[in-house]
Undergrad: 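Quick one: the structure is below, and I'll ask about it shortly.
Both counts, for ligands and for their atoms, begin at 1 and track the order of listing.
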Amino acid sequence: MWKGDALEVLRRVPDGSLSFLYLLHPDPWPKARHAKRRMVNDGPVDLFAAKLKPGGEFRLATDDPTYLNWALMVMQRERHLRQFEWLAKTPKDFLEPSGGWIETRYGAKSRREGRRPYYLRYRRIA
Ligand SMILES: C[S@@+](CC[C@H](N)C(=O)[O-])C[C@H]1O[C@@H](n2cnc3c(N)ncnc32)[C@H](O)[C@@H]1O
């Protein structure tokens, strides 16, 4: 299997061209001193915003409550509130998958082991 940096691939994608961008169970980097390595951070999120079409969706699945809190915090920063709208009105919206999600190998293993995934959907604001 090809192993490369997904961000390098994404940089080559034309701006404003994606309808959906999925980040499924990113590495949690649980230690606070490694938080800068998490995929949800200002630089990558700016890149996601650049590549999505207006109205396109950035979707994040994680079973890690620390990562969930981290992602919610990053996405509430002023710069990202200008880029994205969180599409959750009730807890059900992030506790249950809506249409279009796929279950990855990690997601299936996590479910078998009794953890619960969280599903965050953010719409790119025009
Ligand atoms: C917890 S695993 C989840 C794998 C898969 N997405 C799934 O849900 O089954 C996290 C994966 O992200 C990969 N990864 C971390 N940073 C990456 C990057 N910058 N580009 C591509 N893959 C990356 C790791 O190698 C690891 O395989």
Undergrad: Would you kindly confirm whether Leu10 and Leu24 end up in one hydrophobic cluster when ILVMFWY residues are joined by side chain heavy atoms under 4.5 Å apart?
TA: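 No, it is not one cluster - the side chains of Leu10 and Leu24 are not joined through contacts under 4.5 Å.
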Undergrad: For Leu47, which of Leu21, Leu7, Val13 qualifies under side-chain contact (heavy atoms from CB on, under 4.5 Å)?
TA: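 It is Leu7; the other options fail the test.
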Undergrad: Check whether any side-chain heavy atom of Leu72 sits under 4.5 Å from a side-chain heavy atom of Leu120, and report yes or no.
TA: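 Yes; the side chains approach each other to less than 4.5 Å.
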Undergrad: Please give the N or O to N or O pairs under 3.5 Å between ligand 1 and the protein, distances rounded to 0.1 Å.
TA:
residue: ligand 1; atom: 6 (N); partner: Leu24; partner atom: O; Å: 3.0
residue: ligand 1; atom: 8 (O); partner: Thr104; partner atom: OG1; Å: 2.5
residue: ligand 1; atom: 9 (O); partner: Thr104; partner atom: OG1; Å: 3.3
residue: ligand 1; atom: 9 (O); partner: Tyr106; partner atom: N; Å: 2.9
residue: ligand 1; atom: 19 (N); partner: Asp5; partner atom: OD1; Å: 3.0
residue: ligand 1; atom: 20 (N); partner: Gly4; partner atom: O; Å: 3.3
residue: ligand 1; atom: 20 (N); partner: Ala6; partner atom: N; Å: 2.8

Undergrad: Pro30: what forms a side chain to side chain contact (heavy atoms under 4.5 Å, CB included) with it, not counting sequence neighbours?
TA: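 With neighbours one apart ignored, the set is Pro28.
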Undergrad: Any salt bridge (Lys or Arg N to Asp or Glu O under 4.0 Å) pairs touching residues 47-74, not counting sequence neighbours?
TA: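 Only Asp15-Lys51, Glu57-Arg59, Glu57-Arg121, Asp63-Arg115 qualify under salt bridge (Lys or Arg N to Asp or Glu O under 4.0 Å).
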Undergrad: Counting only pairs under 3.5 Å, give me each side-chain donor-acceptor contact of residues 80-90, with atom names and distances, residues two or more places apart or in other chains.
TA:
residue: His80; atom: ND1; partner: Gln83; partner atom: OE1; Å: 2.7
residue: His80; atom: NE2; partner: Asp42; partner atom: OD1; Å: 2.8
residue: Gln83; atom: NE2; partner: Asp46; partner atom: OD1; Å: 3.0
residue: Glu85; atom: OE1; partner: Arg123; partner atom: NH1; Å: 3.2

